[in-house]
2 protein chains.
Amino acid sequence: MVVPERKDSTSARLTRDHWIQAALAAIAEGGLTAVAVEPLATRLGTTKGSFYWHFVNREALLQAALGQWEEQTTTVVIGEINNAPDDPPARLRMLVTRVIALAEQDAVGPALMANAKHPSVQPVLSRVTRARIGLTVDVLRSMGFDPHQAKLRAMLAYSAYLGHAQLAHSTPELTFQTKQQRREYLEHVLRTLGAPSAP
Amino acid sequence: MVVPERKDSTSARLTRDHWIQAALAAIAEGGLTAVAVEPLATRLGTTKGSFYWHFVNREALLQAALGQWEEQTTTVVIGEINNAPDDPPARLRMLVTRVIALAEQDAVGPALMANAKHPSVQPVLSRVTRARIGLTVDVLRSMGFDPHQAKLRAMLAYSAYLGHAQLAHSTPELTFQTKQQRREYLEHVLRTLGAPSAP
DNA sequence: CCCGTTCCATACGCAACCGTATGGTTGGCC
DNA sequence: GGCCAACCATACGGTTGCGTATGGAACGGG
């Protein structure tokens, strides 16, 4: 009989946040439906009794987890870019680099996209998407592209980001593997997005 | 009490294919978990008794539906492109146009991406992805790009396709709405993908 | 028109999960 | 060290879905 280990053996009792973290991990692995009270309880080495003290129901946990994700995922990248030096090409490079890394780490985003119609997910996703596209437009405008061009390029860029995230998580074996390949791909993307407009 | 209508009131009895179609519709709307025997039965105006005559279990239906999707989704586009006239730029235009349309229609693809790890889904997705990237590489090579360039561009193009599909289904309100905007975006994508390499 | 094959309805047992109720621990504070 | 509040375990009932069993309806060829 293996007793499922508690995450941090130093703290016997759980906090609300432990559940949120577990929920996000579950979403990353198994999608929204994986946010299930009893399985999570087992994973945390506790029981439903704990859960229903911290949250009124499953939906409340979901909302809390989504809020957490929105917070992290927007503030992190956006803050980082806005605090960057005022060198436009460097900002684009930073954005692309940072965002490719994020795409490959964060498995929650893709999982949420799949359940975009869920009433709790929809608004979160809408806000995050809007913010990210807006950020991209800003960076491109700061590089001298007019608003129209910036919007076109931003949409393409953001689509490419989403697709890259999907690929990285669904069929990683079909993405570039070696460091060299990945570097070249990064440069290609940067060249493509930053290329001067054709007449 | 509303009696759920049967899809085609002319045929009292259902075929295996009715169930497959219903399963695909369910995937499009609610993801893999929406392929549930009893709900589908209700939707079709029948009962489990019918289902378990046509299929041994839920998994069998899933496999059949995935097979159907793979068949359609690959043969349609790939056949269309290969039978196209031998004018390379026209082929790229056709590919992009066709593929943007597909991205907006087919909701099954995005749903599957979210469950890429599922043992029945993984191989299907892997084959479809490989085929599509391969097709894109071919088209680009026929336009004169060397293999390396073609691969880089194909990966970016396919990522953009996947992302576009995601956006169209998850937050359609953030995509281009008017015909004019959509036309311009299409032209932008074509220009970007087909632009000659920078020195 | 009849009879076997094909197809479907119903009833059942089983498992996973939600949410409630209730009583028991544990911890900080005086 | 006692006591209140915070926290957790267990037991229960309800719902949903899977899969099986079994009898009955519908259909078509002889």
Side-chain angles (χ1 to χ4, degrees), chain A residues 1-23 25-27 29-66 111 115 118-121, chain B residues 1-23 25-27 29-66 111 115 118-121:
Chain A
M1 256 312 196
V2 178
V3 176
E5 295 183 26
R6 203 154 282 215
K7 275 295 154 60
D8 184 6
S9 56
T10 62
S11 75
R13 303 170 85 132
L14 293 175
T15 89
R16 209 180 139 81
D17 209 62
H18 286 145
W19 285 98
I20 294 179
Q21 291 315 122
I27 292 177
E29 290 171 25
L32 273 203
T33 57
V35 180
V37 179
E38 279 152 321
L40 284 184
T42 308
R43 258 170 75 119
L44 289 173
T46 182
T47 67
K48 305 198 291 185
S50 167
F51 177 83
Y52 283 102
W53 195 90
H54 293 288
F55 300 88
V56 288
N57 55 19
R58 191 199 109 125
E59 187 60 25
L61 172 59
L62 208 58
Q63 303 244 0
L66 290 173
N115 298 73
H118 189 292
S120 304
V121 174
Chain B
M1 257 311 197
V2 177
V3 176
E5 295 181 28
R6 202 154 281 216
K7 276 293 154 62
D8 185 7
S9 54
T10 62
S11 74
R13 304 173 82 130
L14 292 176
T15 87
R16 207 181 140 81
D17 209 61
H18 286 144
W19 285 98
I20 294 179
Q21 291 316 120
I27 293 177
E29 290 172 25
L32 271 202
T33 57
V35 180
V37 178
E38 279 153 320
L40 284 183
T42 308
R43 255 168 77 119
L44 289 171
T46 182
T47 67
K48 305 197 292 185
S50 168
F51 177 83
Y52 283 102
W53 195 89
H54 293 288
F55 300 88
V56 288
N57 56 19
R58 192 199 108 121
E59 189 59 27
L61 172 60
L62 209 58
Q63 302 245 0
L66 291 173
N115 298 73
H118 189 293
S120 304
V121 173

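Values below: every heavy atom of this structure, side chains too, minus hydrogens, waters and symmetry copies. Note that this is a predicted model, so its numbers are computed, not measured.
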side-chain contact (heavy atoms from CB on, under 4.5 Å) between B/Leu61 and B/Phe51, worked out: CA-CA 9 Å; B/Leu61 172 60; B/Phe51 177 83; 3.5 Å; yes
Nearest to side-chain heavy atoms of A/Trp53, which nucleotide of D/dC7, C/dC7, C/dC18: D/dC7
Between CG on residue A/Leu62 and OG on residue A/Ser120, distance to nearest 0.5 Å: 5.5 Å
Protein-nucleotide distance (A/Leu14, atom CG; C/dT26, atom P), rounded to Å: 15 Å
Atom-to-atom span, CG of A/Leu40 to C1' of C/dC18 - whole angstrom: 13 Å
Proximity to the side chain of A/Thr46 - top-ranked nucleotide from D/dA9, D/dC27, C/dG27: D/dA9
Side-chain N or O of B/His54 closer than 4.0 Å to phosphate OP1/OP2 of C/dT6: no
Among C/dT6, D/dC8, D/dG17, the nucleotide that comes nearest once only the side chain of A/Arg13 is considered: D/dC8
Pairwise 5' ranking along DNA chain D for A/Thr15 and B/Gly49, keeping only the more 5' one: A/Thr15
5' priority, DNA chain D, between B/Tyr52 and A/Glu38 [closest heavy atom]: A/Glu38
Length of the line joining A/Leu32:CG and C/dC17:P, which is rounded to integer Å: 15 Å
Length of the line joining A/Trp19:CH2 and D/dC8:C1', which is rounded to integer Å: 10 Å
Backbone N/O of A/Val37 and side chain of A/Arg58: donor-acceptor pair under 3.5 Å: no
Euclidean distance, atom CZ of residue B/Arg43 to atom P of D/dG17 [Å, nearest integer]: 13 Å
Separation of atom CG in B/Asp17 from atom P in C/dC7, rounded to whole Å: 14 Å
Atom-pair distance (CZ on A/Phe51; C1' on C/dC18), nearest Å: 10 Å
side-chain contact (heavy atoms from CB on, under 4.5 Å) against B/Ala41, all qualifying residues, sequence neighbours excluded: B/Trp19, B/Thr46
Spacing of B/Phe55 atom CZ relative to D/dT20 atom C1', expressed in whole Å: 18 Å
Among C/dC17, C/dC8, D/dC8, the one nearest A/Thr47 by side-chain distance: D/dC8
Interatomic spacing from CG in A/Leu66 to CD in A/Glu59 - rounded to 0.5 Å: 8.5 Å
B/Ser50 side-chain N/O to C/dA9 phosphate OP1/OP2 under 4.0 Å: no
